[in-house]
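This one's a predicted model, so the numbers in the text were calculated from it and none came from an experiment.
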Amino acid sequence: MQVIILGDGGHSRVIQEMIFSMESHDVIAILDDKYESGFQQQGIIHAPIAFLPKLIRKDTKVVIAIGGNLIREHIAKSLSLVPEDYLSIIHPTAVVSASAKIGCGTVVMSNAVINSHTEIGMHCIVNTAAIVEHDNKIGDYTHVSPNATLTGGVTTGEGVHIGASATIIPGMHLGSWSVIGAGSTVIEHIPSYSKAVGCPTRIIERMLIK
């Protein structure tokens with residue numbers, strides 16, 4: 001399978017290594033707007049994202065390899081692609097229940113755990129060693145940072161950022177585009193467009209727009 005990667009920063013380099021290790025996947029292009037024009041390096045095209053329509057084929061898949069939730073959303077909504085055009089990537093050391101559902105374009109990093117009957121939306125990141133327990137429902141463009149733990153029955157809106165090593169207790173809801181600080185413990189529902197930190201969390205900022 002031919003793969004086009006959008007983004008060429010630190011998060012992208014992790015995803016590149018994951019794909020390079022898959023014998024059935026062949027990276028043909030890495031597109032990022034830091035490139036002013038197209039060039040080839042070791043047989044891989046490097047070019048601005050505007051080159052994508054020239055490269056996409058029926059047997060080509062795309063992954064948005066950018067850590068920022070807003071940027072991933074902006075790129076996904078600006079492209080004329082259908083969900084099936086996006087590649088979902090699961091690291092071979094990740095543990096994913098057979099009953100879990102993983103959305104198109106979502107990336108599950110090394111040693112992550114996704115347990116039974118959990119649903120992960122499109123273009124999400126379940127980062128290194130994150131744990132998403134049973135019966136969670138995670139909205140599109142959400143980032144579960146390294147070592148974060150979502151216990152059972154947690155739900156999120158879209159675009160939520162859950163910081164590294166944060167813990168969300170069972171049954172909590174995190175509103176769309178909320179931000180949970182690293183190391184925090186969430187024991188109450190978090191409104192949309194809010195930043196919450198601490199153990200237990202307290203809301204420190206309410207954002208008027210995402």
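- For the pair L81/L52, a side-chain contact is recorded, criterion being any heavy-atom separation below 4.5 Å from C-beta on.
- Remark: side-chain polar atoms of N69 are paired, donor with acceptor, to backbone N or O of V160 under 3.5 angstrom.
- Side-chain contact of D8 with Q16: a donor-acceptor pair under 3.5 Å is present, judged by distance alone.
- With a 4.5 Å cut-off on side-chain heavy atoms, T60 and I4 count as touching.
- In this structure, R206 contributes its side chain and S194 its backbone to no donor-acceptor pair below 3.5 Å.
- The line from CE of M122 to OG of S88 is 8.0 Å long, rounded to the nearest 0.5 Å.
- Panel note: side chain S12, backbone G7; a donor-acceptor pair is recorded below 3.5 Å.
- The same ILVMFWY cluster, assembled from side-chain heavy atoms under 4.5 Å apart, contains both I190 and L150.
- When hydrophobic clusters are built by joining Ile, Leu, Val, Met, Phe, Trp and Tyr residues whose side-chain heavy atoms come closer than 4.5 Å, directly or via intermediates, I49 is grouped together with F51.
- Put simply, the side chain of I44 reaches to within 4.5 Å of the side chain of I30, judged on heavy atoms.
- Side-chain atoms of L87 and H25, non-hydrogen and from C-beta on, do get closer than 4.5 Å to each other.
- Within the 4.5 Å cutoff, the side chain of E205 has no heavy atoms near those of the Y193 side chain.
- H143 and H11 have tilted rings, their planes meeting at an angle from 30° to 60° on a 0 to 90° scale.
- A donor atom on one side chain and an acceptor atom on the other are found under 3.5 Å apart for T155 and H173.
- Under a hydrophobic-cluster definition in which Ile, Leu, Val, Met, Phe, Trp and Tyr are linked whenever side-chain heavy atoms come within less than 4.5 Å, directly or via other members, I180 and I204 are assigned to different clusters.
- Looking at every heavy atom in both residues, S145 comes nearest to I162 through OG-O, 2.8 Å.
- Minimum interatomic distance between G38 and P48 (heavy atoms only, all atoms of both residues): N-CD, 4.4 Å.
- Side-chain atoms of S192 never come within 3.5 Å of backbone atoms of G175 as a donor-acceptor pair (strictly under, hydrogens ignored).
- Not one N or O on the side chain of T128 forms a donor-acceptor pair closer than 3.5 Å with the backbone of M109.
- Looking only at atom types and distance, the side chain of E133 has a donor-acceptor partner in the side chain of N115 under 3.5 Å away.
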Next item on the list: Let me see the working for D26 and V3 under side chain to side chain contact (heavy atoms under 4.5 Å, CB included), right down to the final yes or no.
Entry: CA-CA 6 Å; D26 182 23; V3 180; over 6 Å; no

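- Atom OG in S178 sits 10.5 Å away from atom NE2 in H161 (nearest 0.5 Å).
- Taking CG of D32 as the reference point, atom CD1 of I66 lies at 6.5 Å (rounded to 0.5 Å).
- Remark: the backbone N or O of V154 is paired with a side-chain donor or acceptor of N136 at under 3.5 angstrom.
- Proximity of T185 to I187: side-chain heavy atoms (C-beta onward) are separated by under 4.5 Å at one or more points.
- Side chain of T93 to backbone of N111: a donor-acceptor contact under 3.5 angstrom is found.
- Distance NE2/H46 to CD/Q40: 10.0 Å, rounded to 0.5 Å.
- The closest donor-acceptor contact from the side chain of S165 to the backbone of A148 lies at 3.5 Å or more, if one exists at all.
- Of all the heavy atoms in G157 and S176, the pair that sits closest is CA-OG, 3.4 Å.
- Remark: the backbone N or O of D135 is paired with a side-chain donor or acceptor of T118 at under 3.5 angstrom.
- Residue I15 is grouped with residue M1 when hydrophobic side chains (ILVMFWY) are merged at heavy-atom distances under 4.5 angstrom, including chains of intermediate members.
- A side-chain donor-acceptor contact under 3.5 Å links S99 to the backbone of H117.
- Closest approach of M18 and V108 over heavy atoms only: CE-O, 3.6 Å.
- The closest side-chain heavy-atom distance from I169 to V186 is not below 4.5 Å.
- With hydrogens and angles left out, the side-chain atoms of E17 and S21 include no donor and acceptor closer than 3.5 Å.
- No single ILVMFWY cluster, assembled from side-chain heavy atoms under 4.5 Å apart, contains both I125 and I102.
- Shortest non-hydrogen contact noted between G198 and S184 is N-OG, 3.0 Å.
- Taking the side chain as every heavy atom from C-beta outward, Y141 and H74 never approach each other to under 4.5 Å.
- Considering CD of E73 and CD1 of I71, their distance stands at 11.0 Å, rounded to 0.5 Å.
- Applying the 6.0 Å contact sphere to CD of E36 captures no more than 12 heavy atoms from other residues, nucleotides or ligands.
- The aromatic rings of Y86 and H123 sit perpendicular to each other, their planes meeting at more than 60°, with 30° as the lower class boundary.
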Notebook entry, point to check: Checking side chain to side chain contact (heavy atoms under 4.5 Å, CB included) for the pair I120/I114: CA distance, chi angles, key distance, verdict?
Noted result: CA-CA 9 Å; I120 310 289; I114 300 175; 4.2 Å; yes

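- Other residues, nucleotides and ligands contribute more than 12 heavy atoms inside 6.0 Å of the CD1 atom of I28.
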